[in-house]
2 protein chains.
Amino acid sequence: MGASSTATRPRGVAREENERLILEAAEAVFAELGFKGATTGAIAARAALPKANVHYYFPSKDDLYRAVMARVLDRWLAAASSFDDSDDPADALTRYIAAKMELSRTMPLGSRIFASEIMRGAPAIADHLETTLAAWVADRGAIVRRWIAEGKLAPVDPKVLFMMIWATTQHYADFARQIEVLNGGRPLSDDEFAEATRQVARTILRGVLL
Amino acid sequence: MGASSTATRPRGVAREENERLILEAAEAVFAELGFKGATTGAIAARAALPKANVHYYFPSKDDLYRAVMARVLDRWLAAASSFDDSDDPADALTRYIAAKMELSRTMPLGSRIFASEIMRGAPAIADHLETTLAAWVADRGAIVRRWIAEGKLAPVDPKVLFMMIWATTQHYADFARQIEVLNGGRPLSDDEFAEATRQVARTILRGVLL
DNA sequence: TATGGGCCTGACCGTTTGGTCAACATTGGC
DNA sequence: GCCAATGTTGACCAAACGGTCAGGCCCATA
């Protein structure tokens, strides 16, 4: 199984480059049109590649979709770890909310794909929800309950708290269009977004902190 | 233009019945598969009607989709009026949150269609957002600002507050599948949902009330 | 420069889709 | 019992779809 078993090797350059190109194009198209609405032709066009080439790297549309979802879930897992950077509830929640808001700001497409996936019944990520996500919630839920027992937090179902954080932060990605309209037709500027982040964090903290 | 200008009239009975049947079927199919994923054939099958009959009442898929969206927006506007039932911020917010949660509980499909529509860029309801919704937010935003001036509410951008309410309450409809998984594979019972409603309202009120 | 494997793609195919249409059924008024 | 409007439907079509494939290209090695 060593690197010597195959003859040539430094060829994988084009492969990595094109896979990245296709994944980025697919992320945009899936986010805007949904799974069924997205076409491999549209993804190929956006990646400036022939359709057959897309099918060379990702045999089926479903394979490509799952690869895109995997990338999204990886990013989210990384952001979720910011919850563990502190054992102080105010710190931990502030950091986590900020990290999720930052993701909604810089990578809104993934959030939209995730939302569509859940609304379809989560056929492609059911196992991820049941294993990884459930475990994360169980672990952090225990921390939240400890904070409550220590008198640091108002008694609140950890699931309700996490759901509020997810809902609100992801809303800034999923409903960006609605927010833009209510902001006078202009997307939130960096400053406006930073201010929204601060207010969201402050409101949630006031809501659960003792 | 009187009712006498056309000859016969009491015939519209089948029309109303079938239109309702089709709209309900369409709501379910659009919610689950998205605009592009939904097929007129699937909608017809769910309504137990031939596809051609669906096209008799709604000439195009787009017409049908817009009719479904109009129904959803009507319901939401009705729920939104519960915000005006009281001039006390605690009352008004509690009622509004409860009304939105109730909608998420009893009519989650509409919420999902709305979410998909926004994520597509809101092509079918752009004008509704710019007129009706913007006006609602402007009016109620003024009320919120008055409450803040009166020292009843913490200083918060009304848009941030409304967005948190929409995001959290609609999350219970849009992400019902995720909630179900985190609830041990079982959807929230009536009691669990009522408890979630109470905790959401309490947390948001604590977050903004003085 | 011959060879072989990774890479690339135009042309093609079976299926599904939104939508049409001609023909048929039903109904209430005269 | 006839008529005309309303309602109903199987059969059909052009377009778009996901996916296939034979053949060509490029390049490191021998």
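Below, chains carry the letters A, B, ... as their sequence lines are ordered, and counting in each starts from 1.
Contacts between residues 58-70 of chain A and DNA chain D, defined by a heavy-atom separation below 4.0 Å, involve A:S60, A:K61, listed by number.
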For nucleotides 9-15 of chain D, print each protein N/O atom paired with a nucleotide N/O atom at under 3.5 Å, atom names and distance only.
residue, atom, partner, partner atom, Å
D:dT9, OP2, B:N53, ND2, 3.3

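Cation-pi geometry between B:R71 and B:Y65 is not met: the NZ or CZ atom fails to fall both under 6.0 Å from the ring centre and inside 45° of the normal. At least one test fails for A:R105 against the ring of A:Y172: distance under 6.0 Å to the centre or angle within 45° of the axis. Judged by the 6.0 Å distance and 45° axis criteria, B:K61 is positioned over the aromatic ring of B:F35.
Ring geometry for B:Y96 versus B:F162: interplanar angle over 60°, hence perpendicular rather than tilted (30 to 60°). Taking the six-membered ring where the residue is Trp, A:F83 and A:W147 present tilted rings, their angle falling between 30° and 60°.
Counting to the nearest Å, the P atom of D:dT6 and the CG atom of B:N18 are 16 Å from each other. Summarising the geometry, the separation between OH on A:Y57 and C1' on D:dG19 is reported as 18 Å, rounded to the nearest angstrom. Taking atom CD of residue A:E16 and atom C1' of nucleotide C:dG6, one finds them 14 Å apart after rounding to whole Å.
Salt-bridge check for B:D87 with B:R146: passed, with a basic side-chain N closer than 4.0 Å to an acidic carboxylate O.
Within the 4.0 angstrom heavy-atom criterion, only backbone atoms of the sugar-phosphate kind lie near B:A38; the bases stay farther away.
When side chains are defined from C-beta on, A:I22 counts as touching A:L64, because their heavy atoms get closer than 4.5 Å.
With distances taken from any side-chain atom of A:K36 to the nucleotides C:dC8, C:dT17, D:dG18, the minimum falls on C:dT17. Among the nucleotides C:dC8, C:dG18, D:dG18, the one closest to the side chain of A:H55 is D:dG18.
Between A:F114 and A:W76, the gap from one ring centroid to the other is short of 6.0 Å.
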